[in-house]
Amino acid sequence: QDSLIFGDAVLSFRDSVLLKAIQERFYWIKNDPELWLSWHVRLGRYEELILSTLREHGVPEIFIGLFIWESRLNSDAKSRAKAVGIPQFIPFTGQAYGLRINSIVDERLNPYISLPAAAKHLVDLKDSLGSWLLAIAAYNCGEPQLKRRIAKQGTRDVFLLEKPTETNGYVYLVPATMFWYQKRYELYPWLEFVPQYEEFPEATIREMKLSKPTSLEDIAESCGLSLKEFKRVNRHFLVQRVPKGTYRVVIPEPESLDQD
């Protein structure tokens, strides 16, 4: 079935009038194999982590497409607007959802910590605006601006609403990316044979209190990890020697520690 189900809306790709722009962007993605092959390779690392986070917070799983488009699944991604990480949070939004962003740590860089915050943000946007489609638009341009435009224009149809230029493209590109994710193995059955990055391990997040400046190597050792293992799942540390204080650390399950 050529459609996307958001829970409160169904977009059928056979409605050529309404969704012509989405179709055009889907074919643009389809015709750029370098782009979607990079998505496929990175999905090996992040797919289950993203999907489990979305399920946990009640966000439709198809919203993995939003994160694919936002960051190309590059956890180090940085935009001109200073948005960082897979969720592409700007500092204000990240801090509003409890992420620590300073010269020592930037938790936007750690998907274990930032993805739950992004899922909560999406739920809040949906609850405030009344639909997942409007939540997509607000994720890009911000809730206050979108609400002002809805009030001024008197429509809640995300496709009819006059939006900022970037957001106008975004509300078509994200569903197009979602559709690519949903149909990729039907379009390209050989994708299952293309190697992907190693899956991120299951892990827990713990608070660690440091009574004095401590090296990352010593922190890793206290967690029962090598420095390489620690850095793999704790990308949010920006320094090699961490000042005293309390920090969140990610500790993978023991059975996954032999993965590269």
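Every heavy atom of this structure was used, including side-chain atoms; hydrogens, water molecules and symmetry mates were not.
Ring pair Phe89/His121 is perpendicular by interplanar angle, where above 60° counts as perpendicular and below 30° as parallel. The aromatic rings of Trp28 and Trp69 sit perpendicular to each other, their planes meeting at more than 60°, with 30° as the lower class boundary. The aromatic rings of Trp36 and Trp180 sit tilted, their planes meeting at an angle between 30° and 60°.
Under the 4.5 Å side-chain heavy-atom criterion for grouping Ile, Leu, Val, Met, Phe, Trp and Tyr, Ile101 is not connected to Leu238 through any hydrophobic cluster. Linking ILVMFWY residues whenever their side-chain heavy atoms come closer than 4.5 Å, directly or via other members, leaves Val84 and Val105 in distinct clusters. Under a hydrophobic-cluster definition in which Ile, Leu, Val, Met, Phe, Trp and Tyr are linked whenever side-chain heavy atoms come within less than 4.5 Å, directly or via other members, Val123 and Tyr97 are assigned to different clusters. A continuous path of hydrophobic side-chain contacts links Phe159 to Leu161 [ILVMFWY only; heavy atoms under 4.5 Å]. At a threshold of 4.5 Å between side-chain heavy atoms, the hydrophobic network of Ile, Leu, Val, Met, Phe, Trp and Tyr places Leu43 and Leu187 in one connected group.
Residues Phe63 and Ile50 have side chains not in contact (no heavy-atom distance under 4.5 Å, counting atoms from C-beta outward). Side-chain contact between Leu54 and Phe67 is present, with heavy atoms from C-beta onward closer than 4.5 Å. Between Met208 and Val242, every side-chain heavy-atom pair lies at or beyond the 4.5 Å cut-off. Residues Leu134 and Ile150 meet the side-chain proximity criterion, which asks for heavy atoms closer than 4.5 Å. For the pair Arg235/Asp76, a side-chain contact is recorded, criterion being any heavy-atom separation below 4.5 Å from C-beta on. A heavy-atom distance below 4.5 Å is not found between the side chains of Pro175 and Phe26. The side-chain heavy atoms of Lys147 and Ser128, taken from C-beta on, include a pair separated by under 4.5 Å. By the 4.5 Å heavy-atom criterion applied to side chains, Phe237 and Asn110 are not counted as neighbours.
Smallest separation of non-hydrogen atoms from Leu122 and Ala135: O-CB, 4.2 Å. Of all the heavy atoms in Thr177 and Gly65, the pair that sits closest is CG2-O, 3.5 Å. Residues Pro252 and Val233 approach most closely at CD-CG2, 3.8 Å, considering heavy atoms. Pairing each heavy atom of Leu109 with each of Ser75, the nearest pair is CD2-O, 3.5 Å. In plain terms, the two heavy atoms of Gly44 and Gln196 that are nearest each other are N-NE2, 3.4 Å. Considering all non-hydrogen atoms of both residues, Pro116 and Pro111 come closest at CD-O, 3.8 Å.
Heavy atoms of other residues, nucleotides or ligands lying less than 6.0 angstrom from CD of Gln153 number more than 12. Residue Glu166 places its CD atom among 12 or fewer non-hydrogen atoms of other residues, nucleotides or ligands, all under 6.0 Å distant. Arg55 CZ: more than 12 foreign heavy atoms inside a 6.0 Å radius. In this structure, Glu217 places its CD atom where only 12 or fewer heavy-atom neighbours from other residues, nucleotides or ligands lie under 6.0 Å away. Within 6.0 Å of CD in Glu207 there are more than 12 heavy atoms belonging to other residues, nucleotides or ligands.
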Problem - Chi angles and distances behind the side-chain contact (heavy atoms from CB on, under 4.5 Å) call for Tyr46, Ile68 - result: CA-CA 10 Å; Tyr46 298 115; Ile68 294 173; over 6 Å; no

Practice task
Please test Leu37 against Leu191 for side-chain contact (heavy atoms from CB on, under 4.5 Å), starting from the C-alpha separation and ending with a verdict.
Solution key: CA-CA 9 Å; Leu37 276 172; Leu191 265 183; 3.8 Å; yes

Practice task
I would like to know whether Ile219 and Phe230 meet side-chain contact (heavy atoms from CB on, under 4.5 Å); could you show each step before the answer?
Solution key: CA-CA 8 Å; Ile219 295 174; Phe230 182 82; 3.6 Å; yes

Problem - Working for side-chain contact (heavy atoms from CB on, under 4.5 Å), residues Tyr185 and His40 - result: CA-CA 10 Å; Tyr185 287 118; His40 171 75; 3.4 Å; yes

Problem - Criterion ring pair (Phe, Tyr, Trp, His ring centres under 6.0 Å) on Tyr112 and Phe200, from CA distance to verdict - result: CA-CA 9 Å; Tyr112 288 99; Phe200 254 28; 5.5 Å; yes

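Looking only at atom types and distance, the side chain of Arg156 has no donor-acceptor partner in the side chain of Ser131 under 3.5 Å away. Using a 3.5 Å distance cut-off with no hydrogens or angles, the side chains of Tyr181 and Glu47 do pair a donor with an acceptor.
Distance NZ/Lys231 to CG/Asn234: 11.0 Å, rounded to 0.5 Å. Going from atom OG of Ser71 over to atom CG of Leu66 covers 9.0 Å, rounded to the nearest 0.5 Å. To the nearest 0.5 angstrom, Glu24 atom CD is 12.5 Å from Ile29 atom CD1. Considering CD of Glu61 and OG of Ser52, their distance stands at 9.5 Å, rounded to 0.5 Å. Atom CZ of Arg45 is separated from atom CD1 of Ile86 by 9.0 Å, given to the nearest 0.5 angstrom. To the nearest 0.5 Å, the span separating OH on Tyr247 from CG on Leu210 amounts to 6.5 Å.
Under the 3.5 Å distance criterion, the side-chain polar atoms of Asn168 are left unmatched by any main-chain donor or acceptor of Glu162. Judged by distance alone, the side chain of Glu229 and the main-chain N or O of Ser226 form a donor-acceptor pair under 3.5 Å. Under a 3.5 Å cut-off, the side chain of His236 and the backbone N or O of Arg248 do form a donor-acceptor pair. One N or O on the side chain of Gln88 and one on the backbone of Ala77 form a donor-acceptor pair closer than 3.5 Å. Side chain of Thr214 to backbone of Lys212: a donor-acceptor contact under 3.5 angstrom is found.
Between Glu70 and Arg108 there is no salt bridge, since no side-chain nitrogen of the basic residue lies less than 4.0 Å from a carboxylate oxygen of the acidic one.
A cation-pi arrangement, defined by a distance under 6.0 Å to the six-membered ring centre and an angle within 45 degrees of its axis, is absent between Arg184 and Tyr188.
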